[in-house]
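Take a look at the structure set out below.
On a predicted model such as this, the values are computed, not experimentally measured, just so you know.
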Amino acid sequence: RTKFDNKEYQAAHDLASAMLGDLMAQRRESLERSLKEGRSLLDMAKQLGSESVTLRDRMQRAEELRSSGRMDEATLLADEVVSYGRSIVSSEIDHQLTEIMQRAANARREGVEVGASEHMSEQASTALHHGELEQAFQLTVEARDSLNEVLATHQSLKERLEEGEAMMA
């Protein structure tokens with residue numbers, strides 16, 4: 001403003017152009033962050049078994065809009081994907097944690113040691129309630145895999161014991 005008031009029009013123009021360039025770079029960075037987060041959320045949803053074809057299509061459309069230079073439309077669409085993606089992933093993590101804890105409780109009643117998966121589930125739940133979605137996701141997947149492994153080992157041992165008992169009878 002000062003340069004314009006002092007009739008330094010070229011300097012004012014150069015400054016305005018530089019500021020506009022910075023603003024455009026910030027918008028591109030913001031869009032790239034949204035697209036990256038959206039892709040990450042879609043990947044999490046897929047790994048959790050709750051992939052959304054609609055959101056995947058919207059993400060693809062946002063990337064097409066970005067490629068054609070329609071940054072504002074791309075940003076709006078990418079931000080929408082992020083918002084809905086967070087909701088889907090949060091809901092699915094919560095659902096899976098409930099399921100893991102129920103399965104762990106049932107296994108514990110049968111004498112199976114499931115403390116590790118229960119501990120990871122509790123950590124995941126805490127992370128989820130603190131808005132740490134990526135950490136909640138990782139811990140949920142680890143808890144689910146740990147529980148599945150322990151239960152598969154237990155089932156295998158149980159079957160071998162039954163076979164051994166049958167042979168001795």
Quick one: do Arg61 and Glu73 satisfy salt bridge (charged side-chain N to carboxylate O under 4.0 Å, His left out)? Show the steps, please.
CA-CA 10 Å; Arg61 179 68 180 141; Glu73 292 172 77; 5.5 Å; no
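- Distance check, rounded to the nearest 0.5 Å: OG of Ser50 to CE of Met44 gives 11.0 Å.
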Walk me through whether Arg66 and Glu32 qualify under salt bridge (charged side-chain N to carboxylate O under 4.0 Å, His left out).
CA-CA 9 Å; Arg66 178 197 56 186; Glu32 290 304 319; 2.9 Å; yes
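- A distance of 4.5 Å separates CD of Gln155 from CD of Glu159, quoted to the nearest 0.5 Å.
- The distance from atom CD of Gln123 to atom CG of Leu128, rounded to the nearest 0.5 Å, is 13.5 Å.
- Contact of the Arg103 side chain with the Asn148 side chain is registered, since non-hydrogen atoms from C-beta on lie closer than 4.5 Å.
- When all heavy atoms of Leu147 and Ala104 are compared, the closest pair comes out as CD2-N, 4.0 Å.
- Using modelled atom types and a 3.5 Å distance limit, the side chains of Gln102 and Asn106 yield no donor-acceptor pair.
- Side-chain contacts under 4.5 Å among hydrophobic residues (ILVMFWY), followed directly or transitively, place Met59 together with Leu31, Leu35, Leu42, Leu55, Met71, Val81, Tyr84, Ile88.
- You'll find the side chain of Arg27 reaches within 4.5 Å of the side chain of Asp72, heavy atoms only.
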Could you give the side-chain donor-acceptor pairs of residues 90-97 under 3.5 Å, partners two or more places apart or in another chain?
from, atom 1, to, atom 2, distance (Å)
Ser90, OG, Arg86, O, 2.9
Glu92, OE2, Gln96, NE2, 3.1
Gln96, OE1, Arg144, NH1, 3.2
Gln96, NE2, Leu48, O, 2.7

Can you list the steps and then say if Glu64 with Ser68 is a side-chain contact (heavy atoms from CB on, under 4.5 Å)?
CA-CA 6 Å; Glu64 290 168 1; Ser68 67; over 6 Å; no
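- Looking at every heavy atom in both residues, Val82 comes nearest to Ser34 through CG2-O, 3.4 Å.
- Evaluation of the salt bridge (Lys or Arg N to Asp or Glu O under 4.0 Å) test over residues 45-57, restricted to residues two or more places apart or in two chains, returns Glu51-Arg56.
- Distance check, rounded to the nearest 0.5 Å: CG of Leu65 to CD of Gln60 gives 11.0 Å.
- Leu41 places a side-chain heavy atom less than 4.5 Å from the side chain of Leu133.
- In terms of heavy-atom proximity, Gln47 sits nearest to Phe137 at OE1-CZ, 3.5 Å.
- Atoms CG and CZ, on Leu76 and Arg70 in that order, are 11.5 Å from each other to the nearest 0.5 Å.
- Note: Glu122 CD to Ser125 OG = 8.5 Å, rounded to the nearest 0.5 Å.
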Please walk me through it: do Arg39 and Glu63 pass salt bridge (charged side-chain N to carboxylate O under 4.0 Å, His left out)?
CA-CA 11 Å; Arg39 285 189 292 268; Glu63 290 174 346; 2.5 Å; yes
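- Nearest approach of Ala136 to Ala124, heavy atoms of both residues: CB-O, 3.5 Å.
- No side-chain donor-acceptor contact under 3.5 Å links His154 to the backbone of Val150.
- The two residues Ala78 and Ala62 have their closest heavy-atom pair at N-CB, 4.0 Å.
- For the pair Asp145 and Glu142, the minimum side-chain heavy-atom distance is 4.5 Å or more.
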So Leu23 and Gln26, side-chain contact (heavy atoms from CB on, under 4.5 Å) or not? Walk me through it.
CA-CA 5 Å; Leu23 182 60; Gln26 289 173 359; 4.2 Å; yes
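- Put simply, the side chain of Glu134 does not reach to within 4.5 Å of the side chain of Gln138, judged on heavy atoms.
- Ser121 and Ile100 make their closest contact through OG-CG2, 3.2 Å (heavy atoms, listed as atom of the first residue, atom of the second, distance).
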